[in-house]
Asker: 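So that we are looking at the same thing, I have put the structure below in structure tokens.
The sequence lines fix the lettering, A, B, ..., with proteins before strands; numbering per chain opens at 1. Remember, it's a predicted structure, so these values are computed and weren't measured experimentally.
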2 protein chains.
Amino acid sequence: MTINDIAALTGVAASTVSRALSRPDRVNRITRERIQAAARELNYVPNTQARALSSGRTETVALLVSDATNPFYFGLIRGAQQQLRAAGHALLLIDTEDSAELENHLLHKVRRSVDGVILAASRLPEQTLSVIAAELPVVTVNRNVPRVRSVVIDSPDGVMQAVEHLVSLGHRSIAYVAGPPSSWANEARWRAMRTAMARHGLTAARVGPFGVSRSSGSVAADALLNTGATAGVTFNDLLAIGILRRLAERGVDVPGEISVVGCDDIFGADFCSPPLTTLTAPIEQAGRVAVSMLLDHLEHLGETASRQTVLLPTHLTIRQSSGPAPRR
Amino acid sequence: MTINDIAALTGVAASTVSRALSRPDRVNRITRERIQAAARELNYVPNTQARALSSGRTETVALLVSDATNPFYFGLIRGAQQQLRAAGHALLLIDTEDSAELENHLLHKVRRSVDGVILAASRLPEQTLSVIAAELPVVTVNRNVPRVRSVVIDSPDGVMQAVEHLVSLGHRSIAYVAGPPSSWANEARWRAMRTAMARHGLTAARVGPFGVSRSSGSVAADALLNTGATAGVTFNDLLAIGILRRLAERGVDVPGEISVVGCDDIFGADFCSPPLTTLTAPIEQAGRVAVSMLLDHLEHLGETASRQTVLLPTHLTIRQSSGPAPRR
DNA sequence: CAATTAATGGCAATCGGTTGCCACCCGGTT
DNA sequence: AACCGGGTGGCAACCGATTGCCATTAATTG
């Protein structure tokens, strides 16, 4: 089942077999068909490592996520997976456990075993990313770095929609519940929030940072209540769902006493209680686009990219966790 | 940054460098330390493909799931990932899209690029699995095949607990809401259900099969109501959550009019509405154990396994979707 | 009909490690 | 002094493809 077996069987040299399979126009039709038939019959599958060793192409892409159990990534993983399979590539999944150090280490380790990497929510400093991008094709997700192509979900725009929504419901005091400080998206959302509030002559409060897990939601909920705000916009849905649970525990009515708006519209946002008003992000699409950009980049290496960054729109999905501001 | 660079730098042969790094006791301490120091300094990372080509070991394990967006797999992926990283191995994630044919094809394709595979919820017939297991180290999850090591979550036992729970609440008419017929676990749960019911002189109804998605939940809910059962045990939580939504839509009170028990305790089961009574499965642990078994198997290839299959216990977690049977 | 060119296929080097085998050195035995 | 054996390290083959270069042959053209 190696290229040599096929060569022996068809009476040609191994190099000819290789060409017949990977550069068909380089060999005579008759020969080619004979070889291809033999390959099919023997159920030949080229050895990936051998191919990688000589050609440098591994047909594998690494996807780095900060936490494989975060539902946000499910969609991303799936989208990436789909697009990769379509191109015949494999997906190496790497969980960086939210550690910049580990991320850097693992990146360094797989550097030679993949054709490129997709960094979802990288915790690495900008400079490090630039260095890495210089020696390895990189596409980031939700992270903007000069000279590194990226797909970013336009949640800042969504945050503005959320603010409009809340303000129109009479809310005047709205707080931002922040996520990890090392998250680029976190800062982007906070900036958008301040801008949107300022447009109405309002000032946003900010609490956090909090970890992105449901348990962090409890402490976030308490902090949110302390601000006296009548509404909170959270860094992501995981946090929002945690907050909803804690508020229910404390007997605080949502949205009667306080409104909560999440971000991403992950699995669960539609069936938690109350169903979460949130920014719906095209996560799966983001995964597909990231892969497309990467593969495209691989095909035209030396060239400068036409579009360095793709912005994906979000929209506000109104459910039951947001409502009119309480009368005071 | 290849082995040769280090060899040149330290003035030894490449083979010595190789040994110094992978079989340290085979080379003199002085030499070894000099080489290791140089390797560290140059930030040397061995080329995976080259190593794999000559040694046959790729230090990569493939995890096949039937649908990467199914929350059940999140925990599995994470557990596997953790254990693999600890061993310095990489994780190749493969989504078989619930197709036996695709599963077989992809398995065949990666065969040579991985040291072993973990098949989570394989859709392949037993015979095919045996063939594959003979030519490639395999560990299955929730699937029992002779001579193939496996980790199975003891949900049949859990199903019995669920039946006891429901019967003690006065339910006499309980239906099983079935998942995909190709799922081994599905049949195992159904058998357990019938056995448990029979113990009380009762007969279980069965509806389905249904796909495992929340949208399938709608049709499942209607079918469940048609049976006239006062309680339903579902193949998995995804289906259960879908059912809860549909019942809410139709104005059916849960658990007032009908009780619903899920299976797996996935993300979301605790905060859906009402929170789902379900069989809590040690999913992450299953992932870890599967990897351990596989790596263990790899280390002692020729030998016969001590334990071919590991059974992981489940327990019933009672929340608010189950309650006393309605009085008629 | 000679000459130029295009199409085709083989040779052999190469990618970067791994590993069996052998040679050498050195201290310890008899 | 001859011998033995363990500890070290080098040589070279090998894993399975890819690819640059060249030789052969066939086709085209003036």
Side-chain angles (χ1 to χ4, degrees), chain A residues 1-36 38-39 42-60 88-90 108-115 298 301, chain B residues 1-36 38-39 42-60 88-90 108-115 298 301:
Chain A
M1 354 86 180
T2 82
I3 215 172
N4 294 295
D5 300 332
I6 300 185
L9 195 73
T10 54
V12 299
S15 52
T16 304
V17 176
S18 173
R19 288 197 195 94
L21 298 174
S22 50
R23 243 199 291 322
D25 50 317
R26 188 60 183 63
V27 20
N28 185 286
R29 212 198 73 222
I30 313 282
T31 322
R32 183 202 326 148
E33 283 172 359
R34 197 153 44 94
I35 293 175
Q36 290 176 337
L42 269 67
N43 219 329
Y44 168 74
V45 177
N47 180 313
T48 324
Q49 352 288 125
R51 186 204 293 266
L53 190 55
S54 53
S55 72
R57 283 172 271 112
T58 63
E59 314 241 293
T60 299
H89 288 221
H108 203 263
K109 192 173 164 196
V110 300
R111 200 175 32 142
R112 305 246 75 93
S113 334
V114 299
D115 290 345
L298 291 178
L301 269 179
Chain B
M1 354 89 178
T2 80
I3 214 171
N4 295 295
D5 300 331
I6 299 184
L9 194 73
T10 53
V12 299
S15 51
T16 305
V17 176
S18 173
R19 288 197 195 95
L21 299 173
S22 48
R23 245 201 290 320
D25 49 318
R26 187 61 181 64
V27 18
N28 184 285
R29 213 198 73 223
I30 313 282
T31 323
R32 184 204 324 150
E33 282 172 1
R34 197 153 44 94
I35 293 175
Q36 290 177 337
L42 268 67
N43 217 330
Y44 167 74
V45 178
N47 181 313
T48 324
Q49 353 286 124
R51 186 204 293 267
L53 190 54
S54 53
S55 72
R57 282 173 271 111
T58 63
E59 313 240 295
T60 299
H89 288 220
H108 203 263
K109 193 173 164 196
V110 299
R111 199 176 32 143
R112 306 245 76 92
S113 331
V114 299
D115 289 346
L298 291 178
L301 269 179

Asker: Given B:Pro24, which partner from the list B:Arg29, B:Arg32, B:Glu33 fulfils the side-chain contact (heavy atoms from CB on, under 4.5 Å) test?
Answerer: B:Arg32
Asker: Once you round it to whole Å, what is the distance between P of C:dG9 and CD1 of A:Ile30?
Answerer: 10 Å
Asker: C:dA7 P sits how many Å from A:Arg32 CZ, rounded?
Answerer: 13 Å
Asker: Please give, in whole Å, the distance from C:dG17 P to B:Ile6 CD1?
Answerer: 8 Å
Asker: Do you know which two heavy atoms are closest between A:Ala38 and A:Leu9, and how far apart they sit?
Answerer: CB-CD2, 4.0 Å
Asker: Output one letter per nucleotide in nucleotides 16-27 of chain D: B when a protein non-hydrogen atom lies under 4.0 Å from the base, S when only the sugar-phosphate is that close, - when neither is.
Answerer: BBBBBB------
Asker: Taking A:Arg51 for the side chain and A:Arg57 for the main chain, is one N or O donor matched with an acceptor at less than 3.5 Å?
Answerer: no
Asker: Quick one: does any side-chain atom of A:Thr16 pair with a main-chain N or O of A:Val12 as donor and acceptor, under 3.5 Å?
Answerer: no
Asker: Does any non-hydrogen side-chain atom of A:His108 lie less than 4.5 Å from one of B:Asn43?
Answerer: yes
Asker: For A:Ala52 versus A:Thr58, what's the shortest heavy-atom pair and its separation?
Answerer: CB-CG2, 3.8 Å
Asker: Would one find a side-chain N or O of B:Asn28 under 4.0 angstrom from OP1 or OP2 of D:dG7?
Answerer: no
Asker: Rounded to the nearest angstrom, tell me the gap between atom CZ in B:Arg34 and atom P in D:dT8.
Answerer: 14 Å
